[in-house]
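Please read the structure below before turning to the comments.
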Amino acid sequence: MRIPGPAAEPSGVDLARVALRAAREQARARGSAARQKRQARTEGGLRSGARRDGRDPLPLGAAIERLKTERGWEMPMAVGGVMGRWPELVGPELARHCVPQSYDEQARVLSVRCDSTAWATQVRLLAPQLVARLNADLGQGTVKSIRVRGPEAPDTRHGPLRAPGSRGPGDTYG
């Protein structure tokens, strides 16, 4: 009969047995992984089963949504949609006299160009309502303000031959 005492430390032959067992287990694990790779190579790769996985084809709409989400294009595409649906969002009368030109994503400012100064003033007065309508469609905080610009003056620099230092037709009259 043995008397229980402090556990004896493995030594000599016992240490060798423990090391051999661990080495056999590691070799078995490496062998099964190598066997799986060999089977995948010889059998033509992994095959798709009856269930969906990442390799299955997607419908076009789902593929575009996935790409849009992965690349972070949600807001730019939504704002691009506003540019295309401008008459629906602001009404046909206002859409005839002003068009969206650009969107600054950092400042969240939509730039709008009007065909007359009177319409530019009108759009400036309607800007808070337009911002609210756009944010309701795009998501809160997408557009913080609208920058309204009037019509541009025509370019007075016509032709390739100009006198150096001239300022256009105003030079002729004094």
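Scanning all heavy atoms of the two residues, the minimum distance from Ser116 to Pro151 falls at C-CD, 3.7 Å. The shortest non-hydrogen separation linking Ala107 to Asp104 is CB-OD2, 3.3 Å. Pairing each heavy atom of Val112 with each of Cys98, the nearest pair is CG1-CB, 3.7 Å.
Applying the ring pair (Phe, Tyr, Trp, His ring centres under 6.0 Å) definition to pairs two or more places apart or across chains, none involves residues 122-145. Within the structure, salt bridge (charged side-chain N to carboxylate O under 4.0 Å, His left out) pairs that include any residue of residues 111-122 comprise Arg113-Glu152 (at least two apart or interchain).
With values rounded to the nearest 0.5 angstrom, Arg108 atom CZ is found 13.5 Å from Leu134 atom CG.
In this view, Glu93 and Arg96 satisfy the salt bridge (charged side-chain N to carboxylate O under 4.0 Å, His left out) rule, not counting sequence neighbours. Evaluation of the salt bridge (charged side-chain N to carboxylate O under 4.0 Å, His left out) rule for Arg149 yields no partner, not counting sequence neighbours. In this structure, the side chain to side chain contact (heavy atoms under 4.5 Å, CB included) partners of Glu25, at least two apart in sequence or on a different chain, are Arg21, Arg28. Legend: residues meeting salt bridge (charged side-chain N to carboxylate O under 4.0 Å, His left out) with Arg66, ordered by chain and number and at least two apart, are Glu70. Under the side chain to side chain contact (heavy atoms under 4.5 Å, CB included) criterion, Ala16 pairs with no residue at all, not counting sequence neighbours. Applying the side chain to side chain contact (heavy atoms under 4.5 Å, CB included) criterion to Ser102, with sequence neighbours excluded, gives Ser111. Residues passing the side chain to side chain contact (heavy atoms under 4.5 Å, CB included) test with Ala22: none are found, sequence neighbours excluded.
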Worked check of side chain to side chain contact (heavy atoms under 4.5 Å, CB included) between Leu94 and Trp86: CA-CA 9 Å; Leu94 191 59; Trp86 183 251; 5.5 Å; no
Exercise answer: donor-acceptor pairs, residues 117-133 side-chain atoms, under 3.5 Å, sequence neighbours excluded:
{"residue": "Trp119", "atom": "NE1", "partner": "His97", "partner atom": "ND1", "Å": "3.3"}
{"residue": "Thr121", "atom": "OG1", "partner": "Thr117", "partner atom": "O", "Å": "3.0"}
{"residue": "Arg124", "atom": "NH2", "partner": "Val148", "partner atom": "O", "Å": "3.1"}
{"residue": "Arg133", "atom": "NH1", "partner": "Leu89", "partner atom": "O", "Å": "2.5"}

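Annotation: side chain of Leu110 is not in contact with side chain of Lys144 (no heavy-atom distance under 4.5 Å).
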